[in-house]
Amino acid sequence: MKKLFLASIALLSIFLFSACSSDDSVAKRVEGTHIVRCDALVITPSVTGGSFKRNVKLEVKAEADNFIKIVIPTVGHPHNGIEMVVPEFTISGVPVVEGLKNGVEILKHSFRIEGEKNIEGTIVGTFYENGEVEVVVEYMYGNMPFPIKQTLENRDTGRV
């Protein structure tokens with residue numbers, strides 16, 4: 001029994017340490033807090049509405065050598081005179097690859113987050129070597145009838 005327990009601990013430690021990213025991984029290159037301009041809008045069939053722009057923090061954490069988790073900031077938009085709010089949410093398991101322009105790219109990746117209100121959508125983006133960021137996430141939140149598109153970009157500052 002003791003040998004089985006020790007073997008289980010050994011396997012668990014191998015699994016845990018292999019799931020972490022190495023210091024020189026693609027994912028580690030983009031890890032951190034990025035100050036970005038958030039341009040959020042609700043996409044309706046006839047008109048694009050509910051747009052707002054503001055500076056936000058985009059949190060990125062390396063999960064493995066080629067995978068990150070990214071926290072999408074809270075967004076609010078007016079709807080029939082009421083401010084509708086979509087709280088921040090985290091997309092885990094987002095694959096990242098070496099970019100062609102000396103950066104790191106998120107190729108178009110579909111996600112689904114189940115919770116009190118399900119979130120389903122896509123994310124795509126680039127983290128440039130010079131600190132510039134451009135991430136676009138388009139998603140449906142709960143039973144909202146129209147998708148929300150958030151463009152998160154930074155052409156000036158970079159990571160905090």
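The chain is numbered in sequence order, starting from 1.
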Sorted by chain and residue number, the side chain to side chain donor-acceptor pair (under 3.5 Å) partners of E59 (sequence neighbours excluded) come out as T33
Indicate the atoms forming the closest heavy-atom contact of A62 with A27, along with that distance.
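A62 and A27 have their closest heavy atoms at CB-CB, 3.7 Å.
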After noting the C-alpha distance and the side-chain angles of V104 and Y128, does the key distance pass the side-chain contact (heavy atoms from CB on, under 4.5 Å) rule?
CA-CA 6 Å; V104 173; Y128 298 94; over 6 Å; no
Would you say the side chain of [Y] lies within less than 4.5 Å of the side chain of [X], judging by non-hydrogen atoms?
X: V60; Y: F127; answer: yes
X: F146; Y: M140; answer: no
X: K149; Y: L41; answer: yes
X: E98; Y: R29; answer: yes
X: P95; Y: H109; answer: yes
X: F67; Y: D65; answer: no
X: N118; Y: R112; answer: yes
X: V135; Y: L58; answer: yes

Keeping [X] on the side-chain end and [Y] on the backbone end, is there a donor-acceptor pair under 3.5 Å?
X: N154; Y: E132; value: no
X: E138; Y: T122; value: no
X: E63; Y: G93; value: yes
X: T74; Y: E88; value: yes

For Y141, check ring pair (Phe, Tyr, Trp, His ring centres under 6.0 Å) against everything at least two apart and list the hits.
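Y141 satisfies ring pair (Phe, Tyr, Trp, His ring centres under 6.0 Å) with no residue once adjacent residues are dropped.
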For I91, run the side-chain contact (heavy atoms from CB on, under 4.5 Å) check against I113, I106, V71 and tell me which one passes.
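Among I113, I106, V71, the one that satisfies the side-chain contact (heavy atoms from CB on, under 4.5 Å) with I91 is I113.
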Same cluster or not: are V96 and V136 linked, directly or through other Ile, Leu, Val, Met, Phe, Trp or Tyr residues, by side-chain heavy atoms under 4.5 angstrom apart?
no
ILVMFWY network linking I68 to V124, side-chain heavy atoms under 4.5 angstrom
no
Cationic N near anionic O, under 4.0 Å, E31 to K69:
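Looking at E31 and K69, the cut-off is not met.
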Pair R37 + E153: basic N to acidic O under 4.0 Å
no
Reported [atom1]-to-[atom2] distance for the pair [X] and [Y], which is rounded to 0.5 angstrom:
X: R54; Y: C38; atom1: CZ; atom2: SG; value: 6.0 Å
X: L107; Y: T126; atom1: CG; atom2: OG1; value: 8.5 Å
X: I119; Y: E114; atom1: CD1; atom2: CD; value: 11.0 Å

Mind running side-chain contact (heavy atoms from CB on, under 4.5 Å) on I70 and T90 for me, showing each step along the way?
CA-CA 6 Å; I70 187 166; T90 302; over 6 Å; no
